[in-house]
Colleague: 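Quick one: the structure is below, questions incoming.
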Amino acid sequence: MIAYLERVSIPEQPNNNEEEDDVVSILRNGLDDLQIQGNIEYPSAASKDFGGLKLTKPLAVIKPAGAEDIAKVIELVSRSPNLTVAANGNGHSINGQAMAHKGLIIDMKSMESFNNYNNYYYNNKMDVHVDQMYADVGGGALWSEVLKRCVLFGLAPRSWTDYLELTVGGTLSNAGVSGQAFRFGPQTENVTELEVVTGKGEIVACTKNQNSELFYSVLGGLGQFGIITRARVLLQPSPQMVRWIRVVYSEFSEFTRDAEWLVTRAEGDESVDYVEGFVFVNSDDPVNGWPSVQLDPNHPFDPTLIPTSAGPVLYCLEVVLHHGKNDCLSTVDAVVDRLLGQLRYCKKLRFQVDLSYVDFLSRVKVAEQEAKANGNWDAPHPWLNLFVSRRDIAHFDSLVFNKLLKNGIGGPMLVYPLIRSKWDSRSSIVLPEGGDIFYLVALLRFSPPYPKGPPPEDLVAQNREILECCKRNGLNIKLYLPHYNFEQEWEQHFGDQWTRFKQRKACFDPMAILAPGQKIFARNH
Ligand code: FAD
């Protein structure tokens, strides 16, 4: 069967249905011969990812029971001249990064932790090691499940994403960033061991000291070097409660000064546990304007408190302080007052609520439910995520937030500082050059579907305009969750890391089987 597969050249775009049927029937036989423990499905229709901008149809979707199944599939694929394989986490990419047009999809969620029925047990179990403060979790586990499991033991991971319905392997392949990253680094800095199935079909355990090149390659590696089937995630005692606070600025320079002061507090100094920020429109627009800031319906935004000097957009610094259920609230108030007393926000434009740690981490789930109810969740999401150097963030603010996006984007426009020294340069993540501080900018559009909202092509064009504007003005930026179509663009993106990235590819996936949706390397024979 394998010899037969070797002779079959699968065209990029089979010319007709008959040709595709032939290919699928050959593939079906090959996959049947593998006798994997999981399941295989042959989709009849194309599908989209969260971005909703691309439609592709894989030849087959593998629902593996564990790493061995994945290794067998990769081994089979390596014997064909042009088949590819993409791990699909929760399909929350924007630009088809987890897709494999006319290739095979590995559905990582089928290995998720609580799926221990149907023999899906080996890779899915989630082991929390209380004494050593880590959890071993499946690469297809959702972070929401990791949280659910760990808090049963009074523990929780240290570094998060804002939204938890993302998979462990999917965020580790990018970085995984949220308001805790200034202290603990991204999620990629908070794992100590990985199990990976490489593009050569080998199952390899790796750490900083053992098979370290593979360990660092796959972290932020855009799925190019191997499929993460297990990860050892560092834990901390789970906070019980949080005080969630938002304060408003009219001046970008004061917003960044305060945000940077908070993220650079020396270890041991009193500080907050989470720092993010966002830009909003200086208007009563319900989505983009003042109402997007309030946390408590009983405490609305009072626009008379905005300084008359304010421009078209305002800035919100968002911080969180952990506290215990039984902590005296006046003690928490005192810490908050001491810290916030040093900040220069518009006095009285301060909003706060106390809620459980789990509810805080699950906050975007609430937004998801609302967006699902009004149809915005299933509409296209032409998102743009950037890292911007500290040197250029003020320029970015005046060119982009205050001009191109001064009317908002129909969703959050995040901007907050991160600390380079918390990001290991041996990983595959690309950051803009500059000093220790750089900024995350995330343009998270949630427009209603066209024609109620703007045509998605216009929003894609606006993203392009933003990038061209940055280029024209010499701003030092890098795409986060990058998306390019040509090798030359990737080469520019990676800059002086391109040679290392290519060498890693040659070492761990020499036939370029993995993650074709990233469009970095063409499949080799
Ligand atoms: P997918 O989109 O399925 O996969 C992403 C890439 O990784 C693909 O190339 C895929 O082939 C590869 N891959 C998937 N699983 C594995 C694996 N096990 N091993 C190797 N490669 C794999 N990101 C942040 O950093 N911070 C945030 O706060 C944040 N919030 C978000 C909120 C929403 C609503 C959404 C939709 C996305 C958000 N993201 C955030 C982006 C998120 O990190 C990416 O979408 C990421 O790709 C994870 O999604 P996923 O698990 O669905 O992976």
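Just so you know, these numbers use all the heavy atoms, side chains as well, and skip hydrogens, waters and symmetry mates.
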Colleague: Between atom OG of S173 and atom CD of Q97, what is the distance when rounded to the nearest 0.5 Å?
Modeller: 11.0 Å

Colleague: Please tell me whether Y163 and H92 form a close aromatic pair, meaning their ring centres lie under 6.0 Å apart.
Modeller: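 Yes, the ring of Y163 comes within the 6.0 Å limit of the ring of H92, centre to centre.
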
Colleague: Step through it carefully: locate the ring centre of F360, locate the ring centre of Y357, and say whether they are under 6.0 Å apart.
Modeller: no

Colleague: Taking atom NZ of K406 as the centre, does the number of heavy atoms from other residues, nucleotides or ligands within less than 6.0 Å exceed 12?
Modeller: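 Counting other residues, nucleotides and ligands, NZ of K406 stays at 12 neighbours or fewer.
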
Colleague: Quiz question: by atom type and distance under 3.5 Å, do the side chains of Y134 and D127 form a donor-acceptor pair?
Modeller: no

Colleague: NZ of K452: more than 12 outside heavy atoms within 6.0 angstrom?
Modeller: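 Check fails, neighbour count at 12 or below.
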
Colleague: Can you find a side-chain donor-acceptor pair between D302 and T304 that sits under 3.5 Å?
Modeller: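 Indeed, the side chains of D302 and T304 share at least one donor-acceptor pair under 3.5 Å.
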
Colleague: Kindly indicate, with the supporting measurements, whether the criterion side-chain hydrogen bond (donor to acceptor under 3.5 Å, both in side chains) is fulfilled by S389 and E433.
Modeller: CA-CA 7 Å; S389 72; E433 284 159 19; over 6 Å; no

Colleague: Is a salt bridge present between K372 and E368, judged by a nitrogen-to-oxygen distance below 4.0 Å?
Modeller: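 A salt bridge is present here (some side-chain N lies under 4.0 Å from a carboxylate O).
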
Colleague: Go through the side-chain N and O atoms of E318 and W244 and say whether any donor and acceptor fall under 3.5 Å apart.
Modeller: yes

Colleague: Determine whether D458 and R464 satisfy the following criterion, salt bridge (Lys or Arg N to Asp or Glu O under 4.0 Å), listing intermediate values before the conclusion.
Modeller: CA-CA 10 Å; D458 290 4; R464 213 175 302 122; over 6 Å; no

Colleague: According to the interplanar angle, ranging from 0 to 90°, do the rings of F401 and F396 count as parallel (below 30°), tilted (30 to 60°) or perpendicular (above 60°)?
Modeller: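 Correct class here is perpendicular.
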
Colleague: Do the rings of F50 and H381 sit parallel, tilted or perpendicular, given the 30° and 60° boundaries?
Modeller: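 Correct class here is parallel.
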
Colleague: Does any donor atom in the side chain of Y315 or D397 lie under 3.5 Å from an acceptor atom in the other side chain?
Modeller: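 The answer is yes; a qualifying pair exists.
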
Colleague: What is the distance from atom CG of L321 to atom CD of E270, rounded to the nearest 0.5 Å?
Modeller: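 That separation rounds to 8.0 Å.
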
Colleague: Determine whether the aromatic ring centres of F446 and W383 lie less than 6.0 Å apart.
Modeller: yes

Colleague: Regarding R232 and Q132, do their side chains bring together a donor and an acceptor under 3.5 Å, going by distance alone?
Modeller: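 Looking only at side-chain atoms, Q132 and R232 do not form any donor-acceptor pair under 3.5 Å.
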
Colleague: With distance as the sole test, does N288 use its side chain to make a donor-acceptor pair with the main-chain N or O of G410 at under 3.5 Å?
Modeller: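 Yes: the side chain of N288 pairs with the backbone of G410.
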
Colleague: If you measure only the distance, is there a donor-acceptor pair under 3.5 Å linking the side chains of S93 and D49?
Modeller: no

Colleague: Should the pair R390-E260 be classified as a salt bridge under the 4.0 Å nitrogen-to-oxygen rule?
Modeller: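 Yes.
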
Colleague: Just how far is it from atom CG of L219 to atom OG1 of T188, taken to the nearest 0.5 Å?
Modeller: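 Spacing of CG (L219) from OG1 (T188) equals 6.0 Å.
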
Colleague: Is the closest side-chain donor-acceptor distance between T167 and N90 under 3.5 Å?
Modeller: no

Colleague: Using the rule given for side-chain contact (heavy atoms from CB on, under 4.5 Å), can you reason through L467 versus L479, listing the C-alpha separation, both sets of side-chain angles and the distance that settles it, and then say yes or no?
Modeller: CA-CA 9 Å; L467 294 176; L479 284 188; 4.0 Å; yes

Colleague: Would one find more than 12 heavy atoms of other residues, nucleotides or ligands at under 6.0 Å from atom NZ of K348?
Modeller: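 No, NZ of K348 has 12 or fewer neighbouring heavy atoms, counting only those of other groups under 6.0 Å.
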
Colleague: Would you confirm whether the ring centroid of W423 sits within less than 6.0 angstrom of the ring centroid of F387?
Modeller: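 Yes, the ring of F387 comes within the 6.0 Å limit of the ring of W423, centre to centre.
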
Colleague: Under 4.0 Å between a Lys/Arg side-chain N and an Asp/Glu carboxylate O for R426 and D424?
Modeller: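 D424 and R426: salt-bridged.
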
Colleague: If only side-chain N and O atoms count, and only distance matters, is there a donor-acceptor pair under 3.5 Å linking E457 with Y450?
Modeller: no

Colleague: Using side-chain contact (heavy atoms from CB on, under 4.5 Å), reason through L405 and Q462 one step at a time and then give a plain yes or no.
Modeller: CA-CA 9 Å; L405 302 180; Q462 191 180 49; 3.6 Å; yes

Colleague: Report yes if the side chains of L399 and L475 come closer than 4.5 Å at any heavy-atom pair, otherwise no.
Modeller: yes

Colleague: Just verifying a value: how many Å separate I106 CD1 and N88 CG, rounded to the nearest 0.5 Å?
Modeller: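 Reported value, rounded in 0.5 Å steps: 10.0 Å.
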
Colleague: Please evaluate residues L155 and V130 with respect to the criterion side-chain contact (heavy atoms from CB on, under 4.5 Å), reporting the C-alpha separation (whole Å), side-chain torsions for both, the decisive distance (0.1 Å), and the verdict.
Modeller: CA-CA 8 Å; L155 298 172; V130 177; 4.3 Å; yes

Colleague: Looking only at the aromatic ring of each residue, does the gap between the centers of F351 and F301 stay below 6.0 angstrom?
Modeller: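 Yes.
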
Colleague: Rounded to the nearest 0.5 Å, what separates atom CG in L166 from atom CG in N174?
Modeller: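 Here the interatomic distance stands at 9.5 Å.
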
Colleague: Would you say the side-chain atoms of T171 and W143 include a donor-acceptor pair closer than 3.5 Å?
Modeller: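 Yes.
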
Colleague: Against D333, only a single residue in R243, Q352, R338 fulfils side-chain hydrogen bond (donor to acceptor under 3.5 Å, both in side chains); can you say which?
Modeller: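 Exactly one candidate clears the test, R243.
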
Colleague: Are R344 and D258 ion-paired here, with the side-chain N under 4.0 Å from a carboxylate O?
Modeller: no

Colleague: First locate atom NZ of K365, then atom CG of D162, and finally report the distance between them rounded to the nearest 0.5 Å.
Modeller: 15.0 Å

Colleague: Is any side-chain heavy atom of I306 closer than 4.5 Å to one of W290?
Modeller: yes

Colleague: If you count every heavy atom of other residues, nucleotides or ligands that lies below 6.0 Å from Q488 atom CD, does the total exceed 12?
Modeller: no

Colleague: With a 3.5 Å cut-off and no angle check, do the side chains of E189 and S159 form a donor-acceptor pair?
Modeller: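 There is no such pair between these side chains.
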
Colleague: Could you go through Y345 and L340, starting from their C-alpha distance and side-chain angles, then the distance that decides it, and tell me whether this counts as side-chain contact (heavy atoms from CB on, under 4.5 Å)?
Modeller: CA-CA 9 Å; Y345 58 93; L340 266 57; 4.1 Å; yes

